[in-house]
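Any value given below was found using the heavy atoms of this structure, including those in side chains, with hydrogens, waters and symmetry copies removed.
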Amino acid sequence: MTDVTATVVRLKLSLLRNGLRQSGGRRAAFVASAVLALLFGAAQLLGLVLLRGNPHADAVAVPGAAVLALGWAVMPLFFPSGDETLDPTRLVMLPLRPRPLVRALLAASLVGIGPLFSLLLLVGCALAVAHGAAGYGVTVVAVVLALLVCVALARAVAAANVRLLTSRKGRDLAVLSGLVIAVGTQLVNFGAQSLGSAGLGRLAPVADVLRWVPPASAIGAVRSASEGSYGAAALQLGLSAAALGLLVGAWARTLTRLMTSPDGSTLQAPDAAVRSRSPEGRGTGRLLPGGRTGTVMARSLRYVWRDPKTKAAWVTSLAIGLIVPVFNALQGTGSIYFACFAAGMLGIQMYNQFGQDTSAFWMVALTISSARDAYTELRGRALALLVITLPYATLVTVLTTALLGDWPRLPEVLGLSFALLGAMLATGAWTSARFPYSIPQEGHKNVAPGQAGLAWIAIFGGMVSAALLCAPVIALTIALNVSAGGEAWTWLLLPVGAGYGAAVTWAGLRAAAPRTAANLPEILAAVSKG
């Protein structure tokens with residue numbers, strides 16, 4: 001057992017060392033990330049220590065340990081390539097038994113920046129609530145136990161999902177990590193503002209529950225021991241120890257299954273009728289119009305469903321378009337006009353339409369021989385976007401209106417949203433033909449090297465142009481709201497905005513079609529660069 005553990009730990013160190021030897025840039029990135037992580041961890045440690053003596057210190061320390069454990073649980077799902085030893089199937093051909101391998105991998109998991117950062121944070125959480133000799137004595141056991149639970153949780157989750165993480169769907173999940181970060185940032189901002197107004201005492205009920213949930217129960221044991229409740233402290237430590245045992249046992253069973261059962265590459269492919277589980281195989285294609293327009297719409301919707309980068313962009317836009325107006329409305333500081341943010345976020349998806357095709361655009365280019373063909377292609381892509389955007393923008397606007405209780409302004413905000421969406425479809429079609437750029441399929445970059453300038457011009461230039469195109473509807477909205485008796489006519493902004501948006505979209509597609517047909521070689525060269 002000792003030899004296996006030492007060997008796996010040396011293997012982990014060798015992987016780290018050899019990875020840093022690949023390039024100077026990688027070494028610099030590793031050193032910079034290590035320094036930043038350690039500085040942030042040290043700052044967290046200092047801040048938690050300064051909470052000692054505060055009556056609400058446990059309201060921060062106990063939930064902090066729970067949030068840390070949650071981070072350990074989800075990180076392997078979104079960053080599966082961050083640690084090569086997360087995939088135990090690489091060791092399947094070696095004569096190793098699962099339980100010694102579990103102990104060896106658990107020891108190897110304690111090597112790295114993440115465990116060191118977690119150790120600093122857990123030490124801070126424990127010291128924030130520790131008092132007296134008993135409290136400090138329990139701190140040593142609690143910190144070690146909590147760290148082991150976090151690491152074992154990450155390993156158990158990674159092993160249970162290793163087939164997913166090494167598949168295309170797993171790569172899709174990793175790409176969507178940007179969505180989790182974006183949503184998490186908004187949630188943290190919302191929570192911080194709530195705590196700023198209500199104080200740390202608002203977390204006390206949450207801490208009272210989490211102090212019995214491993215591994216936060218280990219930090220709760222420090223507080224219980226400091227207060228002289230030794231029975232409660234022993235029970236809380238026992239809960240964390242039991243959780244560690246269960247996680248290690250589940251991890252060992254998963255390793256046994258992985259190392260003894262065949263994977264999908266050795267099994268017979270399922271029948272084609274069973275494989276067809278995507279939306280286009282469920283009869284929804286029959287709802288689309290016929291001819292080239294329906295074909296283009298089906299292809300665009302299939303990109304949204306199956307292409308990782310396109311899916312990530314859409315899901316992120318959908319989430320942010322909802323979070324910004326709704327969270328501001330919940331905080332009581334929002335405006336009903338924030339609902340237009342949903343239409344703006346989804347309208348961006350019209351920009352660089354051909355970039356999402358990458359090198360496969362040559363097959364589309366072969367079918368475009370005239371401005372009419374280009375117009376039909378752009379119209380199909382715009383209609384596919386509207387299938388999702390129109391009901392979504394309407395839903396977000398109605399929800400924001402309901403939260404604010406400002407129902408009289410619903411028609412004008414909907415009209416503004418539809419006008420903005422039409423303007424962005426128009427400018428997006430034109431910039432797609434005039435400033436195309438490639439989207440790399442691998443990694444998290446959305447622009448190929450050397451094309452960042454094109455992306456900035458296409459997106460921000462198009463957004464400014466869309467705002468200018470919306471100026472007539474915006475001016476009419478302001479005029480009706482400031483004029484005497486004008487508010488009685490604001491309902492007209494809904495049909496006016498919808499009609500204006502449709503007209504601007506039609507004009508933009510017509511203007512972009514000749515440019516697309518004439519610029520096909522340049523578009524193909526640009527989108528195939530990455």
Notebook entry, point to check: Are Leu390 and Leu421 side-chain neighbours, meaning at least one heavy-atom pair lies under 4.5 Å?
Noted result: yes
Margin query: With a 6.0 Å cut-off (strictly less than), is the heavy-atom count around CH2 of Trp362, excluding the residue itself, greater than 12?
Written below: no
Notebook entry, point to check: What is the distance from atom CG of Leu399 to atom OG1 of Thr394, rounded to the nearest 0.5 Å?
Noted result: 12.5 Å
Check: side-chain contact (heavy atoms from CB on, under 4.5 Å) between Cys340 and Val413: does it pass, once the steps are laid out?
Finding: CA-CA 7 Å; Cys340 296; Val413 177; 4.2 Å; yes
Notebook entry, point to check: Between the side chains of Arg292 and Thr367, is a donor N or O closer than 3.5 angstrom to an acceptor N or O?
Noted result: yes
Margin query: Once rounded to the nearest 0.5 Å, what's the spacing between atom CG of Asn352 and atom CD1 of Ile523?
Written below: 10.0 Å
Check: Any idea which heavy atoms bring Thr293 and Pro289 closest together, and the distance?
Finding: CG2-CG, 4.1 Å
Check: Say you draw a straight line from CG of Leu520 to CG of Asp373; how long is it, rounded to the nearest 0.5 Å?
Finding: 10.0 Å
Margin query: Measuring from atom CD1 of Ile474 to atom CG of Leu493, what distance do you get when rounded to the nearest 0.5 angstrom?
Written below: 11.5 Å
Checklist line | Exercise: identify the closest heavy-atom pair between Pro115 and Ser109 | finding: CG-O, 3.0 Å
Next item on the list: Flag the pair Leu120 / Gln44 as yes when at least one side-chain heavy-atom distance between them is below 4.5 Å, and no otherwise.
Entry: no
Check: After noting the C-alpha distance and the side-chain angles of Phe418 and Leu494, does the key distance pass the side-chain contact (heavy atoms from CB on, under 4.5 Å) rule?
Finding: CA-CA 8 Å; Phe418 294 156; Leu494 177 55; 3.9 Å; yes
Check: Does some side-chain heavy atom of Ile348 sit less than 4.5 Å from a side-chain heavy atom of Ser317?
Finding: no
Notebook entry, point to check: At their closest point, which heavy atom of Val62 faces which heavy atom of Ala207, and how far apart are they?
Noted result: CG1-O, 3.8 Å
Margin query: A side-chain contact here means heavy atoms from C-beta on lying under 4.5 Å apart; do Asn481 and Arg409 qualify?
Written below: yes
Notebook entry, point to check: When rounded to the nearest 0.5 angstrom, what is the spacing between CD in Gln353 and CG in Leu425?
Noted result: 9.0 Å
Check: Going through the distances and angles, do Gln349 and Ile388 end up as a side-chain contact (heavy atoms from CB on, under 4.5 Å)?
Finding: CA-CA 11 Å; Gln349 302 307 315; Ile388 303 174; over 6 Å; no
Item checked: Heavy-atom donor-acceptor pair, Asn519 side chain to Arg515 backbone, under 3.5 Å -> no
Item checked: Closest non-hydrogen atom pair between Pro521 and Ala518, with its separation -> CD-O, 4.2 Å
Checklist line | Side-chain heavy atoms of Tyr392 within contact of Thr389, under 4.5 Å | finding: no
Notebook entry, point to check: What pair of heavy atoms forms the shortest contact from Ser432 to Phe354, and how long is it?
Noted result: O-CD1, 3.5 Å
Checklist line | Trace of the side-chain hydrogen bond (donor to acceptor under 3.5 Å, both in side chains) decision for Glu377 with Thr516 | finding: CA-CA 10 Å; Glu377 176 73 24; Thr516 302; over 6 Å; no
Notebook entry, point to check: Do Leu386 and Leu383 have side-chain heavy atoms sitting under 4.5 Å apart?
Noted result: yes
Notebook entry, point to check: Do Val398 and Trp407 pass the side-chain contact (heavy atoms from CB on, under 4.5 Å) test, and can you show the C-alpha distance, the side-chain angles, and the key distance before you say yes or no?
Noted result: CA-CA 9 Å; Val398 172; Trp407 291 106; 4.2 Å; yes
Margin query: What's the separation between atom CG in Leu301 and atom CZ in Arg299, rounded to the nearest 0.5 Å?
Written below: 11.0 Å
Next item on the list: Write down the atom of Leu210, the atom of Pro63, and the distance for their closest heavy-atom approach.
Entry: CD1-CA, 3.8 Å
Note to self: I need the full list of side-chain hydrogen bond (donor to acceptor under 3.5 Å, both in side chains) pairs touching residues 490-514, with sequence neighbours left out, sorted by first then second residue.
What the structure shows: none
